[in-house]
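Computed from heavy atoms alone, side chains included, the values below leave out hydrogens, waters and symmetry copies.
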2 protein chains.
Amino acid sequence: MKSYAHSTRLLVAIDCIIFGFDGEELKLLLIKRRFEPEKGKWSLMGGFVNEEEDLEVGAERILHELTGLHNIYVEQLQTFGKVDRDPVERTLSVVFFALINIHNHDEESVKSHSACWISLKQMPKLIFDHEKMVQLALERLRYKAALHPIGFELLPQQFTIPQLQKLYEAIYDLKLDRRNFSRKILSTGLLLDTGEKNANSATKKAILYRLNKEKYESNFNNFWYFMPVTT
Amino acid sequence: MKSYAHSTRLLVAIDCIIFGFDGEELKLLLIKRRFEPEKGKWSLMGGFVNEEEDLEVGAERILHELTGLHNIYVEQLQTFGKVDRDPVERTLSVVFFALINIHNHDEESVKSHSACWISLKQMPKLIFDHEKMVQLALERLRYKAALHPIGFELLPQQFTIPQLQKLYEAIYDLKLDRRNFSRKILSTGLLLDTGEKNANSATKKAILYRLNKEKYESNFNNFWYFMPVTT
DNA sequence: TCTAAATGTGTCAAAACAACACAATAATAG
DNA sequence: CTATTATTGTGTTGTTTTGACACATTTAGA
């Protein structure tokens, strides 16, 4: 048997939601679409699945094409398959989201794609159902970051507790108590004191930490309770 | 423009993981595959996506075909797309999982598909990558049921607290303290006392509760902390 | 050297939690 | 009819965690 006697075969795309954090705001790397329809409009970075390519490999290819990076945090979000989601032809979109350090990317390839880091709070209109994808990705990020230590993927190797707090505040769009946050984070044992201190600070220099990799990996699938419960 | 000038179109299947609970064990509704390859082997219920059919609609169609039920709890899990996952031809599988009351299903259609409720602890070998799908679905169920009140989907309309506890113990494969569990569940306000008591009990009859729908819906996306933290 | 802004650490009362005890109910055995 | 046994409902207690808040320390710049 070489194939199933079934005719409906669909075009399959991969779209990537790329999160970054600039120290103040949560941002997305968006591109200006380079072909019709909707040419010139804001869009997620995407591409079609190749014939002999696994989905995850396709996602990495597409992410690499835009950012120049390998080995970044990627997770499959969901597949969007509404019949009319693409006006040209029915196209399934397998959506991934990625977390990267906003300062680690290839400026050239970003430029050549007319890509831009845009704050989640100033999101422009996006093509097709891409806004729904972003919405879902944000929910998933909030969900996951509240329970698993993935926030670190958005920060540099060395970071301070106040930086980490600002990140969580950006993700959840709320203010946290400095002292309680610090206590909670330190109690996880995920942070290792590097001995160094933050250089560029106008006031008291904060301690630089790095991630405790062993603890991170061994306990990744445990639940942490980073966020306060809101009932 | 009528289509994209791109040739790779893929066959897309939908596979459904159907969870049930018989009062003691967590079970899956599995079928014996009715066509080649792997004819006669255990498999998840599935089918191909129709040309003019949304993914969710396809999932409901497939679930209805096997169980005779409509309006059941369904959630998209993930899309499996390894190039060689189906030996015949590359086929994407969009996987859904469903939670149903094990006593609500059409015996006839279940029989005609040679389907069977099988305990998770006695799972047979499954075709292709279906075991991975089940594994992922179980993880997702554990994840979700710890934080959101979806367990109720597996129980009859009226249920007792000991029944609910047995359900959670089955999902997480652990023993819980009866008294602490009761206190925690009641404190959510999700349970309404029906005034009735469990009939078929050899000893003290337990209070029958039903779900507080308003609370269920309004607070569904809040986090509940049903399960103890294991750090 | 004084000020202002940010950081590190500590306190305390309230809430949540795990471990455990005891009384009430209902079928069954004697 | 009573004792036994299994199960259910509810309470107690000491410990831990949490949220709200105070105070001292560091650094750049006035």
Side-chain angles (χ1 to χ4, degrees), chain A residues 22-24 146-147 149 155-156 158-170 172 174-210 219 222-231, chain B residues 22-24 146-147 149 155-156 158-170 172 174-210 219 222-231:
Chain A
D22 66 357
E24 294 295 331
L147 301 162
L155 293 177
Q158 299 201 345
F159 52 87
T160 68
I161 291 186
Q163 275 177 340
L164 190 59
Q165 181 178 343
K166 279 199 169 170
L167 169 60
Y168 276 92
E169 290 178 339
Y172 296 95
L174 46 73
K175 285 284 164 200
L176 296 171
D177 183 275
R178 202 164 52 79
R179 296 150 289 190
N180 294 336
F181 181 82
S182 173
R183 174 155 43 91
K184 203 160 193 174
I185 288 292
L186 286 174
S187 76
T188 64
L190 281 170
L191 267 48
L192 292 176
D193 190 332
T194 63
E196 297 175 65
K197 298 213 164 188
N198 195 2
N200 43 344
S201 161
T203 61
K204 183 168 180 177
K205 296 183 192 326
I207 299 170
L208 280 166
Y209 292 89
R210 64 187 173 81
N219 291 25
N222 287 12
F223 285 18
W224 302 99
Y225 288 82
F226 291 121
M227 286 294 108
V229 190
T230 52
T231 313
Chain B
D22 66 358
E24 293 295 332
L147 301 163
L155 294 177
Q158 299 201 345
F159 52 87
T160 68
I161 291 185
Q163 276 178 341
L164 190 59
Q165 182 178 343
K166 279 199 170 169
L167 170 61
Y168 277 92
E169 290 178 339
Y172 296 96
L174 47 73
K175 286 284 163 201
L176 296 170
D177 183 275
R178 202 165 51 78
R179 297 151 287 190
N180 294 335
F181 181 82
S182 173
R183 176 157 38 84
K184 202 160 190 172
I185 289 292
L186 286 173
S187 76
T188 64
L190 282 169
L191 267 49
L192 292 175
D193 190 332
T194 64
E196 297 175 65
K197 297 213 166 188
N198 196 4
N200 43 343
S201 160
T203 60
K204 181 166 179 177
K205 299 186 191 319
I207 298 170
L208 281 165
Y209 292 89
R210 62 186 175 82
N219 291 25
N222 287 13
F223 284 19
W224 302 98
Y225 289 82
F226 290 121
M227 286 293 109
V229 190
T230 54
T231 313

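None of A:Leu167, A:Ile207, A:Leu191 except one satisfies the side-chain contact (heavy atoms from CB on, under 4.5 Å) rule with A:Phe159; the exception is A:Leu191. None of B:Gln165, B:Lys166, B:Lys184 except one satisfies the side-chain contact (heavy atoms from CB on, under 4.5 Å) rule with B:Leu176; the exception is B:Gln165.
With B:Tyr209 contributing its side chain and B:Leu186 its backbone, the two residues share no donor-acceptor pair below 3.5 Å. Not one N or O on the side chain of B:Ser182 forms a donor-acceptor pair closer than 3.5 Å with the backbone of B:Arg179. In this structure a side-chain-to-backbone donor-acceptor pair under 3.5 Å is present from B:Thr194 to B:Leu208.
When the P atom of D:dG11 is taken as reference, atom CG of B:Asp177 falls 16 Å away, rounded to whole Å. Going from atom CD1 of A:Ile185 over to atom P of D:dG19 covers 13 Å, rounded to whole Å. With rounding to whole Å, A:Leu176 atom CG is found 11 Å from D:dA20 atom P. If you measure from atom CG of B:Asn180 to atom C1' of D:dT10, you get 12 Å, rounded to the nearest angstrom. At whole-Å resolution of the value, NZ in A:Lys175 and P in C:dA6 are 11 Å apart. Between A:Phe181 atom CZ and D:dT17 atom C1' the separation is 17 Å, expressed in whole Å. Per the geometry, CD belonging to A:Glu169 stands 13 Å off P belonging to C:dA6, to the nearest Å. Summarising the geometry, the separation between CG on A:Leu186 and P on C:dT7 is reported as 14 Å, rounded to the nearest angstrom.
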Every protein N/O within reach of nucleotides 6-9 of chain D N/O, cut-off under 3.5 Å:
residue: D:dT7; atom: O4'; partner: B:Thr203; partner atom: OG1; Å: 2.8
residue: D:dT8; atom: O2; partner: B:Lys204; partner atom: NZ; Å: 3.1
residue: D:dG9; atom: OP1; partner: B:Ile207; partner atom: N; Å: 2.9
residue: D:dG9; atom: N7; partner: B:Arg178; partner atom: NH1; Å: 2.9
residue: D:dG9; atom: O6; partner: B:Arg178; partner atom: NH2; Å: 2.9

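Residue A:Arg183 places no side-chain atom within donor-acceptor reach of the base of C:dG8, judged by atom type and a 3.5 Å distance cut-off alone.
Among all heavy-atom pairs drawn from B:Gln158 and B:Glu196, the shortest one is NE2-OE2, 3.5 Å.
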